[in-house]
Amino acid sequence: MSDAVIVVVDDDPRISATLLSALAETGLEARAFADGEGALDYLAGGSETPACIVTDINMPGMSGWEFAKRARLLLPRLGVVYISSECMDDWRLKAVADSHFLPKPFVRDQLFRAIAALI
């Protein structure tokens with residue numbers, strides 16, 4: 001898993017920084033974006049093929065739901081981990097197939113297990 005690139009999308013820079021730090025501590029390379037539009041531009045650029053995205057659901061502009069759907073159009077095998085501070089019992093109804101959901105706050109091991117299950 002150490003050569004996988006993970007894309008983090010969260011409009012809260014503190015959350016992004018925390019996730020980048022945690023991923024780096026385990027040897028995972030990560031790229032952070034404040035919104036889905038920027039992350040989609042990166043994915044469409046094709047300079048790297050990420051293994052997984054970790055995306056907040058509630059963001060200004062494009063939601064994490066919409067971002068993941070559009071990202072999967074570009075990269076059909078892309079793993080998706082949704083994160084949110086809201087409890088969402090029905091998240092599977094809105095999510096792309098074969099994805100995971102983590103309610104904030106979560107511990108680092110939960111994130112790593114979700115990513116490992118997808119890549």
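As a basis for the values below, the full set of heavy atoms in this structure was taken, side chains included, without hydrogen atoms, waters or symmetry mates.
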Q: Report whether Leu74 and Met62 are members of the same hydrophobic cluster (ILVMFWY, side-chain heavy atoms less than 4.5 Å apart, transitive linking).
A: yes
Can you tell me how far the [atom1] atom of [X] sits from the [atom2] atom of [Y], to the nearest 0.5 Å?
X	Y	atom1	atom2	value
Glu29	Thr26	CD	OG1	11.5 Å
Ser85	Asp56	OG	CG	7.0 Å
Cys52	Leu111	SG	CG	8.0 Å
Glu66	Lys94	CD	NZ	13.0 Å

Can you see which heavy atom on [X] is nearest to which on [Y], and at what distance?
X	Y	answer
Ile53	Ala68	CD1-CA, 4.1 Å
Leu40	Ala71	CD2-N, 3.7 Å
Ala114	Val81	CB-CG2, 4.0 Å
Leu20	Ala32	CD1-CB, 3.5 Å

Q.
Assess the residue pair Leu118 and His100 against the criterion (side-chain contact (heavy atoms from CB on, under 4.5 Å)); give the C-alpha distance rounded to whole Å, side-chain angles, the decisive distance to 0.1 Å, and a yes or no.
A. CA-CA 8 Å; Leu118 294 167; His100 287 263; 3.5 Å; yes
How about [X] and [Y]: do any of their side-chain heavy atoms sit closer than 4.5 Å?
X	Y	result
Val80	Arg72	yes
Leu23	Phe112	yes
Leu75	Pro50	yes

**Q.** Side-chain (Gln110) to main-chain (Val107) donor-acceptor, under 3.5 angstrom
**A.** yes
Q. Sub-3.5 Å donor-acceptor pair from the side chain of Asp90 to the main-chain atoms of Leu93, do we have one?
A. no
Q) Is the number of heavy atoms from other residues, nucleotides or ligands under 6.0 Å of Asn58 CG greater than 12? A) yes
Q.
By the side chain to side chain donor-acceptor pair (under 3.5 Å) test, which pairs, at least two apart or in different chains, include something from residues 44-54?
A. Arg31-Glu48, Tyr42-Glu48
Q: Can you tell me which residue pairs pass the side chain to side chain donor-acceptor pair (under 3.5 Å) test with a partner in residues 4-23, sequence neighbours excluded?
A: Asp10-Lys104, Asp12-Arg14
Q) Picking from Val8, Val9, Ile83, Val7, what satisfies side chain to side chain contact (heavy atoms under 4.5 Å, CB included) with Thr55? A) Val9
Q. Which of these passes ring pair (Phe, Tyr, Trp, His ring centres under 6.0 Å) with Tyr82: Phe101, Trp65, Phe106, Phe67?
A. Trp65
Q | Partners passing salt bridge (Lys or Arg N to Asp or Glu O under 4.0 Å) against Glu25 (at least two apart in sequence or in another chain) | A | Arg108
